[in-house]
Amino acid sequence: MVSPSTFRKKLYHWSSLHPRKDPWIEERDPYRIWISEVLLQQTRSDQARSRYISFLKRFPTLNSLANAKEEAVLLQWQGLGYYARAKNLLRAARILESDYNGIFPQTPAALSTLPGIGSYTAAAIASFAFGHPTAVIDGNVIRVLSRILGIPYLPDTSALKASWQELAQRYLDKSAPARYNQAIMNFGALQCKPAAPGCSDCPFAIYCEAHRSGRIRDYPAKKKKLPRHERHFNYFLMVDPDGKCAIHQRDHDDIWGGLHQLPMIETSNKTEAADFDDYRLKDAFPWILHPTRPEFLASKTAVLSHQLVHCIFYRLSCHAHSAKIKPLLSFENTQNLVNFAFPSVLRRFITDSLKKGLC
DNA sequence: AACGCGGGGAT
DNA sequence: ATCCCAGCGTT
């Protein structure tokens, strides 16, 4: 078993040979670190990198974020997924302004009271910004320590979370928490990768229990597979005589909460254009007047972690009974659609439709 | 303790 | 096809 001091020494040596060039590297400002860490929650650095730059350009300071509208933050987050992250960023920014005088608290315990900041993000901000001696535990840290020490268990109960924290804490370099946390995560991401890890030139191969036993695949244990719920979303590209297009904001208690979409009818099965007669359209959309027969345009499946959302897109022309339009629905000029946040499957469809002149 | 929440890249 | 990503909040 590798001792903490040997582990750190070899980790730092590996680290010096594998410099990383992410824009948040060496960052000390808690606001910027916070943004990067939330972006990186369940998101690869390749995907987060450009978003980090653009988010900070749009919201350069805590104050600018706290004063933003949710719609603006969601627009910035468009296409990234897990949109609760964006909504929690805004909530936390407002709490930091109102309750903390715009100053970040410096301990993991205080940080983790903020919405969207859990144990990982709290440890990351505290160690990177303030040098707090707390070990981060993310997917990388778990994989590295799990393999080297031969511990298969994921921290998926409160007891296992506690023992993992205790273990990670023993290996942490308490004199340089930021450097250590950064290094072990980089090592996990670049060397001790989930699939095809670089064991042949790994500095820990001689200590590694997973490598010794030839059971690398068993460390750490796999999360149990989740069945995917299938859904059918029937979207209607509705164009009024002015060329405006109907959009509506989704409820917050379902996927893509708070984002926009086209008027939609969810069905339990696949549909075709003939399934939607005037009666059915008026039942679903009480404000609709003189709809033309829906025309099939496209179908596309959105693959989510827990759901398979089959989207079918139809087009129709109509008028709108303005008095019956609900608050969350509106007709927008098509050139204005770039100012609303859509889930990726809809953003792609809308972009294509504009290109083809369908709206 | 278990589940819901996106989207994408690597294998 | 499958895995899983610098996780978190709700139930």
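By convention in this document, chain letters (A, B, ...) are assigned in the order of the sequence lines, proteins followed by strands, and residues within each chain are numbered from 1.
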Atom CE of A:Met185 to atom C1' of C:dA6: distance rounded to whole Å? 5 Å
Show the nearest heavy-atom pair for residues A:Glu332 and A:Asn336, with the distance to one decimal. OE1-ND2, 3.0 Å
Within the 4.0 Å limit for protein heavy atoms, which parts of nucleotides 4-10 of chain B are touched? Write it as a string from 5' to 3', B for base, S for sugar-phosphate only, - for none. BBBBBB-
Using the ring pair (Phe, Tyr, Trp, His ring centres under 6.0 Å) rule, pick out the option among A:Phe128, A:Phe55, A:Tyr52 that qualifies with A:Trp24. A:Tyr52
Please state the P separation for the pair B:dC3 and C:dA6 - nearest whole angstrom. 25 Å
Could you state the atom-to-atom distance from CD of A:Glu37 to C1' of C:dC5 in whole Å? 13 Å
What residues form a side chain to side chain donor-acceptor pair (under 3.5 Å) with A:Tyr100, not counting sequence neighbours? none
Please state how far atom CG in A:Leu308 lies from atom C1' in C:dA1, giving the value in whole angstrom units. 12 Å
Across all chains, not counting sequence neighbours, the ring-ring contact (aromatic ring centres under 6.0 Å, His included) partners of A:Phe130 are none
Rounded to the nearest Å, what distance is computed from the CD1 atom of residue A:Ile137 to the P atom of nucleotide C:dC8? 11 Å
Ionic contact status for A:Arg20 with A:Asp22, cut-off 4.0 Å: yes
Please determine whether a side-chain nitrogen or oxygen atom of A:Arg143 lies at a distance below 4.0 Å from atom OP1 or OP2 of C:dC4. no
Is the cationic atom of A:Arg315 (NZ for Lys, CZ for Arg) positioned less than 6.0 Å from the six-membered ring centroid of A:Phe236 and within 45 degrees of its normal? no
Sugar-phosphate, base or nothing in reach of A:Lys224, heavy atoms under 4.0 Å: sugar-phosphate
Whole-Å gap separating P (C:dC3) and CG (A:Asp218): 13 Å
Would you kindly give the CG-to-P distance between A:Asn140 and C:dC4, to the nearest whole Å? 12 Å
Compare every heavy atom of A:Pro105 with every heavy atom of A:Leu111, then report the nearest pair and how far apart it is. CD2-O, 3.4 Å
My understanding is that only residues two or more places apart in sequence, or in another chain, count here; which of them pass side chain to side chain contact (heavy atoms under 4.5 Å, CB included) with A:Gln191? A:Trp14, A:His18, A:Phe187, A:Asp201, A:Cys202
Taking atom types as modelled, find out whether A:Glu266 and A:His232 have a side-chain donor-acceptor pair closer than 3.5 angstrom. no
C:dC5 P sits how many Å from A:Leu190 CG, rounded? 14 Å
Nearest-Å distance for atom pair NZ/P, residues A:Lys223 and C:dC3: 12 Å
Apply side chain to side chain contact (heavy atoms under 4.5 Å, CB included) to A:Lys161 and list each qualifying residue two or more places apart in sequence or on a separate chain. A:Pro155
Quick check on contacts: within residues 109-123 of chain A, what sits under 4.0 Å from DNA chain C by heavy-atom distance? A:Leu114, A:Pro115, A:Gly116, A:Ile117, A:Gly118, A:Ser119, A:Tyr120, A:Thr121
What distance, rounded to whole Å, do you find between the two P atoms, one in B:dG6 and one in C:dT11? 15 Å
Residue met sooner reading DNA chain C from 5', once A:Asp22 and A:Arg91 are mapped to nucleotides: A:Asp22
With heavy atoms under 4.0 Å as the rule, sort A:Trp77 into base, sugar-phosphate or nothing. nothing
On the nucleotide C:dC3, are OP1 or OP2 found under 4.0 Å from the side-chain N or O atoms that A:Lys222 carries? no
Answer with base, sugar-phosphate or nothing: what part of the nucleic acid does A:Ser158 contact at a heavy-atom distance below 4.0 Å? sugar-phosphate
